[in-house]
Amino acid sequence: MEKMKIIQLIVILLLVAALVILLSLIGDPFRVEGRGASTYWACVETTFIFVLPAAPIIYGYITKDKIGSILMGVLPFTGLSIITLYKGYFDFSGSVYYMRWLAEAIPFWLSLTVVPGLEGYFASKRKYLAAFCLYGLWLFIFFFFGFRGG
């Protein structure tokens with residue numbers, strides 16, 4: 001029975017990570033050339049911004065599984081960071097701008113990956129105040145450092 005539970009955990013975690021990565025790769029399917037994102041896609045992205053970092057808290061609350069909650073937070077953001085760094089590499093390779101961008105992108109994505117893992121850990125240990133403070137920290141990092149421009 002324990003083996004079945006581990007397989008179920010791995011399948012759930014991989015499905016969530018795959019869903020996040022596939023949606024980021026697909027992009028806006030309703031975008032018209034020369035125009036911005038569709039209203040539909042703007043709603044999907046906004047929902048993702050607030051729900052995805054909350055998923056480890058919800059998972060940790062329901063299952064009380066420390067390792068699964070940590071992985072629920074880390075796996076989707078690891079996939080997103082790899083995709084972002086991969087796209088950035090081929091967009092800016094060989095330039096000084098790319099090296100500067102990489103020096104800013106790696107700590108940004110690393111923090112966006114580690115914080116949800118900690119959220120899941122604290123939620124699984126029933127320390128909800130710490131988990132929700134980390135959720136607020138994640139939102140702060142995402143909005144303040146992600147949209148600085150430059």
**Prompt:** Does Ile49 reach the side chain of Phe143, with side-chain heavy atoms less than 4.5 Å apart?
**Reply:** yes

**Message:** Within the structure provided, determine whether Val74 and Pro116 are in side-chain contact (heavy-atom separation under 4.5 Å).
**Reply:** no

**Prompt:** Heavy-atom count around Tyr135 OH within 6.0 Å, excluding the residue itself: above 12?
**Reply:** yes

**Asked** Which distance, rounded to the nearest 0.5 Å, do you find between the OG of Ser111 and the CZ of Phe142?
**Response** 11.0 Å

**Complete:** For Phe77 and Gly73, the nearest pair of non-hydrogen atoms, with its separation, is CD1-O, 3.0 Å

**Message:** Could you report the tightest heavy-atom contact between Ser69 and Pro56, atom names first, then the distance?
**Reply:** O-CB, 3.6 Å

**Request:** To the nearest 0.5 angstrom, please state how far the NZ atom of Lys127 sits from the CG atom of Leu118.
**Result:** 13.5 Å

**Message:** Nearest 0.5 Å, please: how far is CG in Leu110 from OG1 in Thr78?
**Reply:** 9.0 Å

**Message:** Within the structure provided, determine whether Tyr59 and Asp65 are in side-chain contact (heavy-atom separation under 4.5 Å).
**Reply:** yes

**Prompt:** Under 3.5 Å, side chain of Trp138 to main-chain N/O of Leu112, donor-acceptor pair present?
**Reply:** yes

**Any side-chain heavy-atom pair of Phe50 and Leu139 under 4.5 Å** = yes

**Asked** Linking I/L/V/M/F/W/Y whenever any side-chain heavy atoms sit under 4.5 Å apart, do Ile141 and Phe144 land together?
**Response** yes

**Request:** With rounding to the nearest 0.5 Å, note down the distance linking CE in Met72 to CD1 in Ile62.
**Result:** 9.0 Å

**Request:** Kindly indicate whether the side chain of Arg126, heavy atoms from C-beta on, has any atom under 4.5 Å from the side chain of Lys64.
**Result:** yes

**Request:** Apply the test side-chain contact (heavy atoms from CB on, under 4.5 Å) to residues Thr63 and Ser124: give CA-CA distance (whole Å), side-chain angles for both, the deciding distance (0.1 Å), then the verdict.
**Result:** CA-CA 7 Å; Thr63 64; Ser124 67; over 6 Å; no

**Item:** Close side-chain approach of Phe122 to Phe132, heavy-atom, < 4.5 Å
**Value:** no

**Prompt:** Around atom OH of Tyr61, are there more than 12 heavy atoms of other residues, nucleotides or ligands at under 6.0 Å?
**Reply:** no

